[in-house]
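Worksheet: the structure to be examined is printed underneath.
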Amino acid sequence: MEIESLKWGVIQVGSKNYKDIKICKKFVKPWDWADTGTDHDPGIQIADVKAILPHSDVIILTRGISGLLKVPQSVITHIESLGKEVIVQKTKPAVLTYNKLIKSGVSVGALFHTTC
C-alpha cells in the first residue's frame, strides 16, 4: 500500500483519506492518540507501534509536518531490541522513504502524523 498524497491534516492511501495512520503490509487504519494517551509530549508510545511490529522489519516513526511530535529514545530502543530498524523523520520526507521502501520490497510499517 503506497501513500498517494499528503497535505496538512490529510494523508491518502488508495482512495481513502485519513488524519493520522498506522500502516503496514497487512492494514492501514486510523491512529487515534486517545487510545494510548499519546500527545506531542511525551510523544509516541510503545503501545502505538505494537500493531505494526509483527508485520514489519523497518519501522518509520513520523514527527509531524513541523517536527513537533516527540519520539522518546525508550521507544526507539524497544523497537531495535526486537531486531527492527527504526527511521525517525518529519512526515513529508517519511512519505518518500516509506514509498521507496515499499517499492523495493522491504517489509515496512509506519505511524504517520499529518499536522504539527
Checklist entry - What residues form a side-chain contact (heavy atoms from CB on, under 4.5 Å) with Ile79, not counting sequence neighbours? => result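 For Ile79 the side-chain contact (heavy atoms from CB on, under 4.5 Å) partners, ignoring immediate neighbours, are Val49, Leu53, Ile59, Leu61, Val75, Lys84, Val86.
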
Taking [Y]'s backbone N and O only, do any of them form a donor-acceptor pair with [X]'s side chain (distance below 3.5 Å, no angle check)?
X      : Y     : result
Ser107 : His55 : yes
Lys22  : Asp48 : yes
Asn99  : Glu2  : no
Asp32  : Ala34 : yes
Gln45  : Gly43 : yes
Thr114 : Lys19 : yes

Between [X] and [Y], what is the shortest heavy-atom contact and its length?
X      : Y     : answer
Trp33  : Asp20 : NE1-OD2, 3.4 Å
Pro93  : Lys90 : CD-O, 3.3 Å
His113 : Leu69 : CB-CD2, 4.0 Å
Cys24  : Ser56 : CB-OG, 3.7 Å
Gly109 : Ile52 : C-CD1, 3.8 Å
Ile46  : Ser74 : CD1-O, 4.4 Å

Between [X] and [Y], is there shared hydrophobic-cluster membership here, with clusters defined by ILVMFWY side-chain heavy atoms closer than 4.5 Å?
X     : Y     : result
Val58 : Val13 : yes
Ile11 : Leu96 : no
Ile23 : Phe27 : no

Item to check | Residue pair Leu101 / Ile87, side-chain heavy-atom distance below 4.5 Å | outcome: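 Side-chain contact under 4.5 Å: yes.
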
Next on the checklist: Do Ile60 and Val88 have side chains that approach each other closer than 4.5 Å (heavy atoms only, starting at C-beta)?
Outcome noted: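 Heavy-atom side-chain distance check fails, nothing below 4.5 Å.
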
Next on the checklist: Less than 3.5 Å apart, any donor N or O on the side chain of Gln89 or Thr62 sitting next to an acceptor on the other?
Outcome noted: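 Judged by distance alone, the side chains do not pair up.
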
Next on the checklist: Centre-to-centre under 6.0 Å for Tyr18 and Phe112, is that the case here?
Outcome noted: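 Distance test on ring centres: not under 6.0 Å, no.
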
Item to check | CA sep, side-chain torsions, deciding dist, call: Arg63, Thr91, side-chain contact (heavy atoms from CB on, under 4.5 Å) | outcome: CA-CA 6 Å; Arg63 300 190 61 236; Thr91 304; over 6 Å; no

Item to check | NZ-NE2 distance between Lys50 and His78, expressed to the nearest 0.5 angstrom | outcome: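 Nearest 0.5 Å value for the NZ-NE2 distance: 6.5 Å.
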
